[in-house]
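Chain letters run A, B, ... following the sequence lines, proteins first, then strands; residues in each count from 1.
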Amino acid sequence: MRNDLISSALAVVVFTLLLGLAYPLVVTGLAQVAFPNEAGGSQLTRSASSAARGERAGEVVGSRLIGQDFRGRPRYFQSRPSATRHRADATFFNNLGPNSRALKDRFDANVARYVRREGVPASRVPADAVQFSASGVDPHISEDNAAIQARRVARVRGADLPRVRALVAEHTDGRGLGVLGEPGVNVLELNLALDQAGSR
Amino acid sequence: MSASGWIEIAIYVAVLTALTPVIGGYLAGVFEGRVAFLGAVERPLYRLLRVDPQGGQSWRAYARTVLVFSALCFVVLYAILRTQTIHPFNPQEMSSGTWDVSFNTAASFVTNTNWQFYGGETTMTYFSQMAGLAVQNFVSAGVGIAVLIAVIRGFAARSGSSLGVFWVDFTRAILYVLLPISIVGALFLVSQGVIQNLSAYASFSTLAGGEQTLALGPVASQEIIKVLGTNGGGFFNVNAAMPFENPSGVTNFFLMLMILLIPAGLTATFGRMVGSRRQGWTLYVAMLLMFSVAVAVVYVAEANGSPAQQLAGIEGGNLEGKETRFGIGSSALFSAITTVASSGAVNAAFDSLTGIGGLVPMASLSTGEVIFGGVGSGLYGMLLFVLLAVFLGGLMVGRTPEFLGKKIEQREIKLVAIGTLAVPFLVLACTAFVIGTPINAPSVYNPGPQGFSETFYAYLSQANNNGSAFAGFTGYSQPNGTNEGASGISWADGLGGVAMLLGRFGPLLVALAVAGSLAGKRVSPAGPGTMRTDTGTFVTLLVAAIGLVALLTFVPAFLLGPVVQGLSDQLF
């Protein structure tokens, strides 16, 4: 018993130093050298051309992996609805169950809003456009959803629809290795690209 | 459902099956001492720990070391969580956790459960994440593997009663297996977009003119061991749904593979160490069968959609609480993997699964986490069921049950009965107790059957050391969103913590006791009347035994929660 206690105490110290400090700090160092952009959160900055309205070029505007809120701004593609209003520093799930009346009411409201905004019949509303993502900061929308929104974005911006569609295609992340997961359109990158294209 | 979803599932099974003998063979080499390239590190380490690597421990001595070490780990982790204000690596100036949530969290990580009543990015310092939680991710996994190896030695022993030396098995599990894979895996994850830094959170104005703050931190180094050690506690509150933990279909596949890599590989290790690779494959096939059913059911159910969504006229399956980049297929696969293994990492919101979709994780947990299960703990749990199946088979043919040439007698069967029934009893007792009293109300979020499911799942998950959750169930109230001014729901924290400790160390002790009892038995050669345990028939018997215990125990509870919801369009 006494021997076990001594060995255990020594082991806690040794393995905490090794696994709790040396390991994560070495990995951090290597990551910062080899993949500084990814290790820091894949942050995007405003380019000179899109920083028109009094904003500084080079300023951080977000992360390509973290979705943002574009509600009330029809010139932008809209992210998926979020339980957290796209908070990236206090994430949580929505947690309403599959037979929840509150969930059904929210779905109804979201469908009505989408129909109003995009002018499509309710039967064509994509599932991802009206259901909360898991993280609350899903950076993607489905290709269907983007195709529908492209018309409205082009109209509001007075832009060419084919040009907008081309940008959508350019900012679509395909399935991993062609088969893993689902494809998705990166909303923040797409909207940044739209701003950039518009101010040229 | 999409073809690519089924293809991904098929690829997953193929890759896992191909890797099983590779990793299993390596592990056997490590624990039989044939792989020893780190001897120069090991020898001084054993001297420092005052351990004789050549010695041997009886099952009692082995168990005592495990218990003393785990108790000390618990105390240290609790102390870390309670002293956050003096930590280095605390750019967000987090305050300390309350006593009850810290108790729950310490129990959670020492038992390889990683249940989260705390919110990672809102309550934990980087020091707590690295030196507290991540260390226990390694240690609890290492303990699980070590205990399994000792149990296997008991099954394989030709003479004597030694099960090995805990410190040697534990050290080798860390140095040869968990740490090297973690270093390489963490760097791979960073290359794919998982973050790894020690910076303060970054605030900026968004493209639309709002405000956003990115929580940052040393995520990749923790993410990899969280899956490799079947731990599952997320750096972030939403776990592997958070893009900074799991940014793409590729990382998602990699994380899923890492969850089952060691639990699957250990079946091959078992086969090699007991001298019958076929026996190892038999266990693998039984596990894979049950796993495949789980995946298929949850995928079909989620693709069908929820009643709320069907009544709202939304086509396209249940994407509520799922990420676009994973879709329904990769979310369903992840959910099945994380609950057959005792991982508990999630990439989708379990509370938002459909009724039948949510039944699958519950059913997987209710087998006692033996379908692959936790690293080490899954297979030693499975071996108890193997003995049960052998016993049932023996009753049917009227012969003394034998496994690997050793007679299974009264003492072993008593232990097996305790080992397979204690945790289900614990789950049902805890659930019934809190459901029948007002103490549960503050923890529950959803009304109706879903509220029951949340409660039942909470104790099912904690007692089986899984750690996934119907996350509406809470044990922590955070009015400011941080530890500041927060209060724990002491009943939920305390009872959950006790359930985790009993659920971990109960079966662990039983498995070691069985191994100790088998170690000294003579091996009799197989005769013509010996019931074979490496055939398709035995797979059927084994799956039936597991199903029987789980069903007889849990069907009433299933009916009250997920089945009601799965069969009904009724809204609550």
(request) With a 4.5 angstrom heavy-atom cut-off, could you sort out which part of Ser199(B) is near chain A: side chain, backbone, both or neither? (result) neither

(request) Tell me, out of Ala39(A), Ser133(A), Gly184(A), who's got the most heavy-atom pairs with chain B below 4.5 Å. (result) Ala39(A)

(request) Name the member of Asp128(A), Asn145(A), Leu96(A) that forms the most heavy-atom pairs with chain B at distances under 4.5 Å. (result) Leu96(A)

(message) For the interface with chain B, which of Asp69(A), Ile141(A), Asn3(A), Val125(A) has the highest count of heavy-atom pairs at distances below 4.5 Å?
(response) Ile141(A)

(message) What part of Leu48(B) gets within 4.5 angstrom of chain A, counting heavy atoms only: side chain, backbone, both, or neither?
(response) both

(message) Show the nearest heavy-atom pair for residues Ser4(B) and Glu182(A), with the distance to one decimal.
(response) OG-OE2, 4.0 Å

(message) If you define the side chain from C-beta out and look only at heavy atoms, does anything of Val12(A) sit under 4.5 Å from Cys73(B)?
(response) yes

(request) Look at Gly29(A), Gly176(A), Gly62(A), Gly72(A) and state which one has the largest set of heavy-atom pairs under 4.5 Å with chain B. (result) Gly62(A)

(message) Is it true that Glu315(B) and Ser123(A) share a donor-acceptor pair across their side chains at a distance under 3.5 Å?
(response) no

(request) Using a 4.5 Å cut-off on heavy atoms from C-beta on, say whether the side chain of Phe244(B) contacts that of Ser63(A). (result) yes

(message) Has Asn99(A) got a side-chain atom pairing as donor or acceptor with Phe572(B)'s backbone, closer than 3.5 angstrom?
(response) no

(message) Once rounded to the nearest 0.5 Å, what's the spacing between atom OG of Ser135(A) and atom CG of Asn237(B)?
(response) 11.5 Å

(request) Select, from Phe470(B), Phe350(B), Phe138(B), Tyr126(B), the one with the greatest count of heavy-atom pairs under 4.5 Å involving chain A. (result) Phe138(B)

(message) Can you tell me which portion of Ile174(B) sits under 4.5 Å from chain A's heavy atoms? Options are side chain, backbone, both or neither.
(response) side chain

(message) How long is the straight-line distance from CG of Leu177(A) back to CD of Glu8(B), given to the nearest 0.5 Å?
(response) 10.0 Å

(request) Identify which part of Pro183(A) has an atom lying under 4.5 Å from any heavy atom of chain B, answering side chain, backbone, both or neither. (result) backbone

(message) Which one wins on heavy-atom pair count under 4.5 Å against chain A: Ala61(B), Ser191(B), Gly313(B)?
(response) Ser191(B)

(message) As an exercise, state the distance from CG of Asp89(A) to OG1 of Thr122(B), rounded to the nearest 0.5 Å.
(response) 9.0 Å

(message) If you count heavy-atom pairs within less than 4.5 Å of chain B, which of Asn94(A), Leu17(A), Val185(A), Asp105(A) leads?
(response) Asn94(A)

(message) Testing the basics here: between Asn197(B) and Gly40(A), what is the closest heavy-atom pair and its distance to 0.1 Å?
(response) ND2-CA, 3.8 Å

(request) Please flag which part of Val51(B) lies under 4.5 Å from any non-hydrogen atom of chain A: side chain, backbone, both or neither. (result) side chain

(message) Main chain of Leu25(A), side chain of Gln196(B): is a donor-acceptor contact present, judged purely on distance under 3.5 Å?
(response) no

(message) Can you give me the closest heavy-atom contact between Gly317(B) and Gln131(A), atom names plus distance?
(response) O-NE2, 3.2 Å

(message) Is Val346(B) close to chain A through its backbone or its side chain, or both, or neither, when contacts mean heavy atoms under 4.5 Å?
(response) side chain

(message) Check whether Ser7(A) reaches the backbone of Leu49(B) with its side chain - one donor and one acceptor, N or O, closer than 3.5 Å.
(response) yes

(message) What part of Leu175(B) gets within 4.5 angstrom of chain A, counting heavy atoms only: side chain, backbone, both, or neither?
(response) side chain

(request) Any chance you could lay out the side chain to side chain contact (heavy atoms under 4.5 Å, CB included) test for Leu21(A) and Phe127(B), step after step, and finish with the verdict? (result) CA-CA 9 Å; Leu21(A) 290 172; Phe127(B) 183 80; 4.3 Å; yes

(message) Which heavy atom of Phe35(A) sits nearest to which heavy atom of Leu187(B), and what is that distance?
(response) CE1-O, 3.7 Å

(request) Scan side-chain atoms only and decide if Thr91(A) and Glu121(B) contain a donor-acceptor pair under the 3.5 Å cut-off. (result) yes

(request) With a 4.5 angstrom heavy-atom cut-off, could you sort out which part of Asn252(B) is near chain A: side chain, backbone, both or neither? (result) neither

(message) Give me the atom names and distance for the closest heavy-atom approach of Phe107(A) to Ser306(B).
(response) CE1-OG, 4.5 Å

(message) Is there a side-chain contact between Thr206(B) and Val61(A) in this structure, where contact means two heavy atoms from C-beta onward sitting under 4.5 Å apart?
(response) no

(request) Identify which part of Leu333(B) has an atom lying under 4.5 Å from any heavy atom of chain A, answering side chain, backbone, both or neither. (result) neither

(message) Determine whether a donor-acceptor pair (N or O, by modelled atom type, separation under 3.5 Å) exists between the side chain of Gln68(A) and the backbone of Leu207(B).
(response) yes

(request) Drop me the distance from Ser182(B)'s OG to Tyr23(A)'s OH, to the nearest 0.5 angstrom. (result) 4.0 Å

(request) Determine the minimum heavy-atom distance between Ala308(B) and Ser100(A), stating which atoms define it. (result) CB-O, 4.0 Å

(request) Go through the atoms of Phe473(B) and report whether side chain, backbone, both or neither lie under 4.5 Å from a heavy atom of chain A. (result) neither

(message) Looking at Arg87(A), is its backbone amide N or carbonyl O close enough to the side chain of Gln212(B) to form a donor-acceptor pair, meaning the two atoms are under 3.5 Å apart?
(response) no

(message) With a 4.5 angstrom heavy-atom cut-off, is it the side chain or the backbone of Phe69(B) that approaches chain A, or both, or neither?
(response) both

(message) Closer than 3.5 angstrom, by distance alone: can the side chain of Asn95(A) be matched with the main-chain N or O of Ala471(B) as a donor-acceptor pair?
(response) yes

(message) For the interface with chain B, which of Arg71(A), His140(A), Gln32(A), Glu38(A) has the highest count of heavy-atom pairs at distances below 4.5 Å?
(response) Glu38(A)

(message) So for Gln309(B), is it side chain, backbone, both, or neither that comes closer than 4.5 Å to the heavy atoms of chain A?
(response) both

(request) May I ask you to say whether Arg80(A) pairs ionically with Glu320(B), meaning some side-chain N is under 4.0 Å from a carboxylate O? (result) no

(request) Output the distance between atom CD (Gln136(B)) and atom CZ (Phe15(A)), rounded to the nearest 0.5 Å. (result) 12.0 Å

(request) Please flag which part of Asn137(B) lies under 4.5 Å from any non-hydrogen atom of chain A: side chain, backbone, both or neither. (result) neither

(request) Answer with side chain, backbone, both or neither: which region of Val76(B) has an atom nearer than 4.5 Å to a non-hydrogen atom of chain A? (result) side chain

(request) Using non-hydrogen atoms and a 4.5 Å limit, figure out which bit of Ala83(A) sits close to chain B: side chain, backbone, both or neither. (result) neither

(request) Could you tell me the separation between the CZ atom of Arg175(A) and the CZ atom of Arg325(B), rounded to the nearest 0.5 Å? (result) 15.0 Å

